Structure formats: structure tokens, C-alpha cells
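For clarity, every value in this text was computed on a predicted model and none was experimentally measured. Side chains included, hydrogens not; waters and symmetry mates left out as well; all remaining heavy atoms used.
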Amino acid sequence: MIHANERVAEVRKQRSVELQEIFANAGVSYPPNAMFLRAFKDEQELELWVPKLADDGQASPWIKVHTWKVTGRSGGPGPKRREGDYQVPEGVYVIDRYNPNSNFHLSLGLNYPNASDKVRSDPRLPGSDIFIHGGSATVGCLPLGDDGVELLFLTALDAKTNGAAPVRVHIFPFRMEPGSFAEWTRKYAIHAEFWTELLPVYQEFEKSKIPPRVNVTSEGAYQLASEQVK
């Protein structure tokens with residue numbers, strides 16, 4: 001049992017009050033029954049968002065609870081496409097495993113390669129074992145430092161226990177605002193087509209503050225669930 005793990009138990013003892021305060025200051029209860037993460041590679045930031053129901057019980061814009069600084073950088077702009085390319089993935093992922101005994105203190109595994117990556121990445125060696133973890137060393141992962149990953153790990157674990165679906169994680173190369181998007185796609189034209197797929201995903205959340213559902217076409221392209229998928 002992860003909850004009974006000695007390292008997790010010690011972290012909970014030391015950080016649970018701080019975690020409760022972070023959520024209280026954001027005006028939401030702990031533990032959440034759902035959570036959503038957004039990462040920005042250039043800005044080296046990871047955001048935590050949780051839902052807050054309106055008075056009528058209907059879905060309302062989600063609340064940003066916390067932002068962590070990503071403590072290390074690996075690779076450059078653009079998606080991960082093969083083992084050993086040092087790239088941090090870009091796209092739409094979920095947390096699919098919890099490792100309380102990580103060599104990097106605590107870690108949360110992403111489902112890389114996902115359905116899109118399996119179509120577009122090296123068919124033999126796409127790479128694997130992409131984590132959000134402690135420390136600052138990284139080869140394609142998102143390190144948050146030990147302090148940062150402790151808070152995130154506990155939140156994700158407690159949300160899971162509280163019935164939350166697998167945590168969705170959207171990873172973008174940069175904050176895709178109009179001026180930045182034009183500049184980046186001009187400078188890194190090789191990635192422009194792929195980033196154009198991610199742009200509606202970014203824009204939809206910016207507009208609604210509700211995490212959008214995203215599908216993957218047979219060609220591996222990302223599409224908002226409201227769009228027709230081939």
C-alpha cells in the first residue's frame with residue numbers, strides 16, 4: 001500500500017498542514033475529487049488546477065491552486081520522438097503510476113508513449129519512463145525538487161483515494177499566446193504543424209478554465225473531443 005509506505009508517511013506528517021493551507025488559501029477543499037496539471041517547458045512551470053462546483057452543482061471554472069517551478073531542463077522545443085533524444089514530451093498525458101521509492105525521492109509516471117506517440121515516434125525505441133519527480137536532474141522528465149514533488153505526490157495520491165479519475169497532464173512547449181505562438185512557430189518551423197494541433201487544446205482551457213477532452217486520430221493527431229475524429 002502506497003499510503004503505508006514509510007517515506008510517504010513521513011512526508012505526510014511533515015507537509016500535510018502546509019498542503020491543507022495551500023488549498024484553503026485557494027478557496028477549495030482538500031482532498032480534491034479531481035485534479036489537472038499543465039506544464040510549460042520554456043517557462044519551467046507546472047500548474048495544479050482543481051474543480052469548484054457552482055452553487056447549483058453544475059461545473060464551473062476550475063481553480064488554480066498552486067504553481068511549481070520545474071527545477072531542471074532537458075532537451076529543447078518540440079515533442080519526444082525516440083529513446084535517448086533527451087526531450088521532455090509535449091502533448092496530452094495522464095499519470096498512470098505512483099512510485100514512493102523513486103531514486104528521485106517520489107515520482108509520478110506519465111503514460112508516455114501515449115496513443116499519439118505510438119503512431120509518431122520511433123516504432124522500436126520511442127523511449128519510456130517519463131516522470132514528474134523530485135530533485136533537479138532530468139533526462140526528459142519534469143523535476144520539481146523534493147519539496148515540490150512531496151506536495152504534488154500527496155495531492156495526487158489523496159485525490160485518487162477520493163475517487164478522482166487519472167490525473168490529466170497537458171505539456172506545452174511554451175504559453176501559447178498569440179504573439180508567442182507566432183514567434184515560436186517562425187523560429188522553430190519544423191514543429192509548427194504539431195504545435196498548431198496543441199493550440200486549440202491550450203486555447204479551450206484558457207477560455208473555459210475546464211480541462212478539455214482530447215482525442216487522437218488514426219494518424220496520431222490531437223483533436224478536441226468536440227471535433228470530428230477520423
What closest approach, in Å, do [X] and [Y] show between heavy atoms, and which atom pair accounts for it?
X	Y	answer
D147	R15	O-NH1, 3.1 Å
G140	P89	O-CD, 3.5 Å
Y98	L157	CE2-N, 3.8 Å
D129	C141	O-SG, 3.8 Å

Step-by-step side chain to side chain contact (heavy atoms under 4.5 Å, CB included) determination, F23 to V65: CA-CA 6 Å; F23 272 73; V65 173; 3.9 Å; yes
Do any N or O atoms from the side chain of R168 and from the backbone of V94 form a donor-acceptor pair under 3.5 angstrom? no
The test is side chain to side chain contact (heavy atoms under 4.5 Å, CB included); show your working for L46 and L152 and say whether it passes. CA-CA 10 Å; L46 179 75; L152 178 58; 3.8 Å; yes
With R81 as reference, evaluate S121, P113, P126 under the side chain to side chain contact (heavy atoms under 4.5 Å, CB included) test and give the passing residue. S121
Among V88, L144, I132, find the one that has a side chain to side chain contact (heavy atoms under 4.5 Å, CB included) with V70. L144
Hey, could you give me the [atom1]/[atom2] distance between [X] and [Y], rounded to the nearest 0.5 Å?
X	Y	atom1	atom2	answer
L142	T71	CG	OG1	9.5 Å
K52	S29	NZ	OG	9.5 Å
E219	E197	CD	CD	10.0 Å
T67	E47	OG1	CD	5.0 Å

Return the set of residues passing side chain to side chain donor-acceptor pair (under 3.5 Å) with E206 (not counting sequence neighbours), or none when no residue passes. R38
Only residue of H105, R7, Q14 satisfying side-chain hydrogen bond (donor to acceptor under 3.5 Å, both in side chains) with E150 is H105
Going by an N to O cut-off under 4.0 Å, is there a salt bridge joining E18 and K13? no
Does D117 pair with K80 as a salt bridge, N-O distance under 4.0 Å? no
Using ring centroids (six-membered ring only for Trp), state whether W62 and F205 fall under 6.0 Å. no
Ring centres under 6.0 Å, that's the criterion: do H170 and Y93 meet it? no
So, applying ring pair (Phe, Tyr, Trp, His ring centres under 6.0 Å) with W195, which one of Y222, Y202, F181, F174 is it? F174
Applying side chain to side chain contact (heavy atoms under 4.5 Å, CB included) to L106 and N99, what does each step give before you reach the verdict? CA-CA 6 Å; L106 300 167; N99 184 4; over 6 Å; no
More than 12 heavy atoms of other residues, nucleotides or ligands under 6.0 Å from CG of N25: yes or no? yes
State whether the number of non-hydrogen atoms from other residues, nucleotides or ligands found under 6.0 Å of R97 atom CZ is greater than 12. yes
What residue among R175, K69, R73, K64 forms salt bridge (charged side-chain N to carboxylate O under 4.0 Å, His left out) with E45? R175
Polar side chain donor-acceptor pair, T161 to H3, under 3.5 angstrom: yes
D42 vs W184, side chain to side chain contact (heavy atoms under 4.5 Å, CB included): CA-CA, chis, key distance, verdict: CA-CA 11 Å; D42 183 60; W184 279 75; 3.4 Å; yes
